[in-house]
Amino acid sequence: MQGLLKCGSGLLAGLLLAVTLTAGSTLRAAEDVTVTLIPVSVYGPWFIVQEKGMAEGVNLEVQIIEDITARNAGLSTGHLQCMMTTMDSTVVAHAAGIPVRHVAVPLMSYGLDEMVVASDIQSVEDFAGRSYAADYGFLNHMWMLLTLKRAGMDFDAAEHKIMLPQDATASFVSGALDIDVNFIPFSTQSQEREDSYLFKSSRTDRTWERGLISDSIACNTDWMAEKPDVAKEVLRSWFEAVNWWKENPEEGNEIVARGLDWPVGDVEITQQGTVMLNINQNLGAIGVEGGVPMCASIPEGAPLPPEEPSNWGEMFGGEDCEAGYLNSTWDIFASVYHEAGVTDNTPTAEDGIDNSLLLSLAADGFGETYNSNKWIGRSGM
């Protein structure tokens, strides 16, 4: 009898252990999270997150979606949790009622974007009556609108021809356009036209002082509200991957190249025109004490910008380089696109930006953990 009791007790204990392990497994089941991006190396840290398993408790899927309508539909239905895009595009999406909010600035253009012009154009004032190519409601469009606004010119002073990057380059090289507002490698190809030259780049124009050509991590608002811990872990893994890439540029370039099916050389060239921001530079963007904006913390090894002031600060009623610029940049994007007819309303930064995940990461000390400020572009130079 005692043997049977012992046997029964053993079976019961085994069953309880099995139930406990099963319950624990259920509680620890990985969360499925999908991030969408266009195929460009600056969004490559997600491939590093995947390969290195950096997002704890998360099954991260990276989907390359170039069609804006498809991307917005996925974000609206909740099939997509976050998107990588330009900050002005996040403004446009938010204005259209897509349930997303900006949560972090992942990177800044630092020479990647270029304006190539016909040789008889010597000043912005010479843009009047000339034609330029840029995608609609995308960062190169915004850059031109801001350039005209800073010069006191109407948005329609120059004729906008809506084209994809590769089509714009072909049109400019053929002589059908006067100005190509584009990015490397397309802008490099545009300079093959004999009577042309590089008018300015995002580095020489110092657009990075105010984040005028910067990108955005934007996430579905319902998902963030329902699963804040998962959202925080996903964002933390991004900054871990960025930090790791800065410390291991060659291996990182290879991982990103595999993820995009690019030659490694193309990754190197693209990263030479980009600065990947850390958490402290994000805190500087939103004006948190202790944070330093990218304009006051040029990465180690990056080429120095021209010393001439940009005077972008005048447009914002402040300094060219100052902490806490993010809200005013959002608001001017919203204002300019509304005035230019790209959007039907002007969403405010207060409604479109959510800093809670960043602030939570900073409170947990991750600003000190992921604080590398090395320039990834140094690899391959």
Side-chain angles (χ1 to χ4, degrees), residues 29-94 96-107 112 135-139 164-166 183 214-242 244-245 252-264 266-267 270-271 274 276 354 357:
E31 293 280 349
D32 293 326
V33 175
T34 303
V35 175
T36 180
L37 48 84
I38 60 174
V40 62
S41 69
V42 294
Y43 301 151
W46 292 121
F47 297 114
I48 297 174
V49 171
Q50 280 187 317
E51 181 153 327
K52 299 293 183 179
M54 291 178 174
E56 184 176 350
V58 174
N59 283 327
L60 180 68
E61 180 182 357
V62 179
Q63 286 191 7
I64 295 177
I65 303 177
E66 298 191 66
D67 182 78
I68 295 176
T69 302
R71 181 184 65 193
N72 288 347
L75 289 164
S76 295
T77 60
H79 287 95
L80 302 174
Q81 281 67 56
C82 297
M83 69 172 174
M84 304 297 295
T85 188
T86 60
M87 187 173 172
D88 61 298
S89 295
T90 296
V91 172
V92 173
H94 193 74
I98 307 302
V100 295
R101 298 188 81 184
H102 167 94
V103 299
V105 182
L107 60 112
L112 185 63
D135 201 356
Y136 189 74
F138 194 61
L139 61 88
L164 294 174
Q166 60 271 29
F183 52 89
S214 62
D215 287 57
S216 170
I217 301 177
C219 297
N220 178 283
T221 52
D222 294 334
W223 173 70
M224 287 193 291
E226 293 171 4
K227 300 184 177 181
D229 292 341
V230 179
K232 178 180 174 180
E233 173 60 16
V234 169
L235 187 61
R236 184 208 61 77
S237 72
W238 165 270
F239 285 111
E240 180 183 358
V242 169
W244 183 91
W245 194 5
N253 289 348
E254 292 173 358
I255 293 173
V256 172
R258 284 198 300 272
L260 293 171
D261 194 23
W262 277 20
V264 172
D266 287 356
V267 175
T270 303
Q271 295 307 130
T274 309
M276 308 298 292
D354 183 347
L357 297 179

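Applying the salt bridge (Lys or Arg N to Asp or Glu O under 4.0 Å) rule to pairs touching residues 220-231 yields Glu31-Lys227, sequence neighbours excluded. Among residues at least two apart or in separate chains, salt bridge (Lys or Arg N to Asp or Glu O under 4.0 Å) pairs with a member in residues 35-53 are Glu51-Arg258, Lys52-Glu251. Judged as a ring-ring contact (aromatic ring centres under 6.0 Å, His included), the pairs with a partner in residues 45-75 (not counting sequence neighbours) are, in order, Trp46-Trp238. Applying the salt bridge (Lys or Arg N to Asp or Glu O under 4.0 Å) test to pairs two or more places apart or on separate chains, none has a residue in residues 54-70.
Scanning all heavy atoms of the two residues, the minimum distance from Ile48 to Trp244 falls at CG2-CE3, 3.8 Å. Pairing each heavy atom of Ser216 with each of Thr90, the nearest pair is OG-OG1, 3.0 Å. When all heavy atoms of Ala218 and Val100 are compared, the pair lying nearest together is CB-CB, 4.4 Å. The heavy-atom pair separating Ala241 from Pro45 by the smallest distance is CB-O, 3.5 Å. Residues Leu80 and Leu75 share a closest heavy-atom pair of O-CD2, 3.7 Å. In terms of heavy-atom proximity, Ser237 sits nearest to Val49 at O-CG2, 3.4 Å.
With sequence neighbours left out, Ser214 forms a side-chain contact (heavy atoms from CB on, under 4.5 Å) with Met87, Val105, Met108. With sequence neighbours excluded, the residues forming a side-chain contact (heavy atoms from CB on, under 4.5 Å) with Ser76 are Ile98, Pro99, listed by chain and number. The side-chain contact (heavy atoms from CB on, under 4.5 Å) test applied to Asp266 returns Trp262, Pro263, not counting sequence neighbours. Under the side-chain contact (heavy atoms from CB on, under 4.5 Å) criterion, Cys82 pairs with Val35, Cys219, Trp223, sequence neighbours left out. Listed by chain and residue number, Gln271 satisfy the side-chain hydrogen bond (donor to acceptor under 3.5 Å, both in side chains) test with Ser41 (two or more places apart in sequence, or in another chain). Scored by the side-chain hydrogen bond (donor to acceptor under 3.5 Å, both in side chains) test, Arg236 finds Glu233, Glu240, Tyr370 as partners (sequence neighbours excluded). Scanning for side-chain hydrogen bond (donor to acceptor under 3.5 Å, both in side chains) contacts around Thr69 gives an empty result, with sequence neighbours left out. Residues passing the ring pair (Phe, Tyr, Trp, His ring centres under 6.0 Å) test with Phe183 are Phe186, sequence neighbours excluded.
When side chains are defined from C-beta on, Val234 does not count as touching Gln81, because their heavy atoms never get closer than 4.5 Å. Annotation: side chain of Thr36 is not in contact with side chain of Met84 (no heavy-atom distance under 4.5 Å). For the pair Tyr43 and Leu260, the minimum side-chain heavy-atom distance is 4.5 Å or more. Considering only heavy atoms from C-beta on, Trp245 comes within 4.5 Å of Asn253 through its side chain.
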field: Trace of the side-chain contact (heavy atoms from CB on, under 4.5 Å) decision for Ile38 with Ile64
entry: CA-CA 5 Å; Ile38 60 174; Ile64 295 177; 5.8 Å; no
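Enclosure of atom CG in Leu164 by more than 12 non-hydrogen atoms of other residues, nucleotides or ligands within 6.0 angstrom is indicated.
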